Amino acid sequence: MKRLLFSLALSLAGMTAMAQSTAPQTTAGLDKTKPVQTVEAACGQCMLGLKGTGCDLAVRIDGKAYFVDGSDIDQHGDAHATNGFCNAIRKAEAQGQVVDNRFKATYLKLVAAPAKK
């Protein structure tokens, strides 16, 4: 019985670690006919100075920050982790457009953070 419980706990821990390490894409995915831009992604309130309630994903493009529609802050791991969106500004590949002062993402994927030395 102890072995069974230990195996179950180990399996669940492995699935949790795997889910947090994946970098999911947003909505329909990459459209190879459209350009991909590199943006800065982070929590709009915590890191990019936007007004709002709670923690919401935002991107900074050419020095201006926009809240994101089409991707949620929690789709990209724990926002409050050391390298999460509330504590770090991350690079991301994005497709979409700014409409009504919001970035309408059709694709958003985090660029892997550089390895710590």
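If you read the sequence from its start, that first residue is 1, and numbering goes on from there. In this text the structure is predicted, and so the values were computed from the model without any measurement.
In this structure, Phe67 and Arg102 have side chains that are in contact, with non-hydrogen atoms separated by less than 4.5 Å. In this structure the side chain of Val111 reaches within 4.5 angstrom of the side chain of Glu93, judged on heavy atoms. Looking only at side-chain heavy atoms (C-beta outward), Thr82 and Asn87 stay at 4.5 Å or farther from each other.
Across all their heavy atoms, His76 and Ser71 have their closest contact at NE2-OG, 2.7 Å. The two atoms that bring Ala58 and Gly44 nearest to each other are CB-CA, 3.6 Å, heavy atoms only.
Partners of Lys64 by salt bridge (Lys or Arg N to Asp or Glu O under 4.0 Å), not counting sequence neighbours: none found. Judged as a ring-ring contact (aromatic ring centres under 6.0 Å, His included), and not counting sequence neighbours, Phe103 has no contacts. Not counting sequence neighbours, the partners of Thr33 by the side-chain hydrogen bond (donor to acceptor under 3.5 Å, both in side chains) test are Asp31. Looking at residues two or more places apart in sequence or on another chain, you find a side chain to side chain contact (heavy atoms under 4.5 Å, CB included) between Cys46 and Cys43, Cys55, Cys86. Considering only residues two or more places apart in sequence or on other chains, Ala81 meets the side chain to side chain contact (heavy atoms under 4.5 Å, CB included) condition with Asp78, Asn83.
The backbone N or O of Asp74 lies less than 3.5 Å from a partner atom in the side chain of Asp72, making a donor-acceptor pair.
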Test log, rule side chain to side chain contact (heavy atoms under 4.5 Å, CB included), inputs Arg90 and Phe85: CA-CA 7 Å; Arg90 303 277 307 272; Phe85 286 137; 4.1 Å; yes

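Cluster membership for Tyr66 and Leu57, using ILVMFWY side-chain heavy atoms within less than 4.5 angstrom, is shared. Taking hydrophobic clusters as Ile, Leu, Val, Met, Phe, Trp and Tyr residues chained together by side-chain heavy-atom distances below 4.5 Å, Val39 does not share a cluster with Met47. Both Val98 and Leu108 are assigned to one and the same hydrophobic cluster, defined by single-linkage of ILVMFWY side chains at heavy-atom distances under 4.5 Å. Linking ILVMFWY side-chain heavy atoms closer than 4.5 Å, directly or via other members, places Leu110 and Ile61 in a single hydrophobic cluster.
Of the candidates Gln95, Gln97, Lys34, Thr106 forms a side-chain contact (heavy atoms from CB on, under 4.5 Å) with just one, namely Gln95.
Evaluation of the side-chain hydrogen bond (donor to acceptor under 3.5 Å, both in side chains) test over residues 36-51, restricted to residues two or more places apart or in two chains, returns Glu40-Arg60, Gln45-Asp56.
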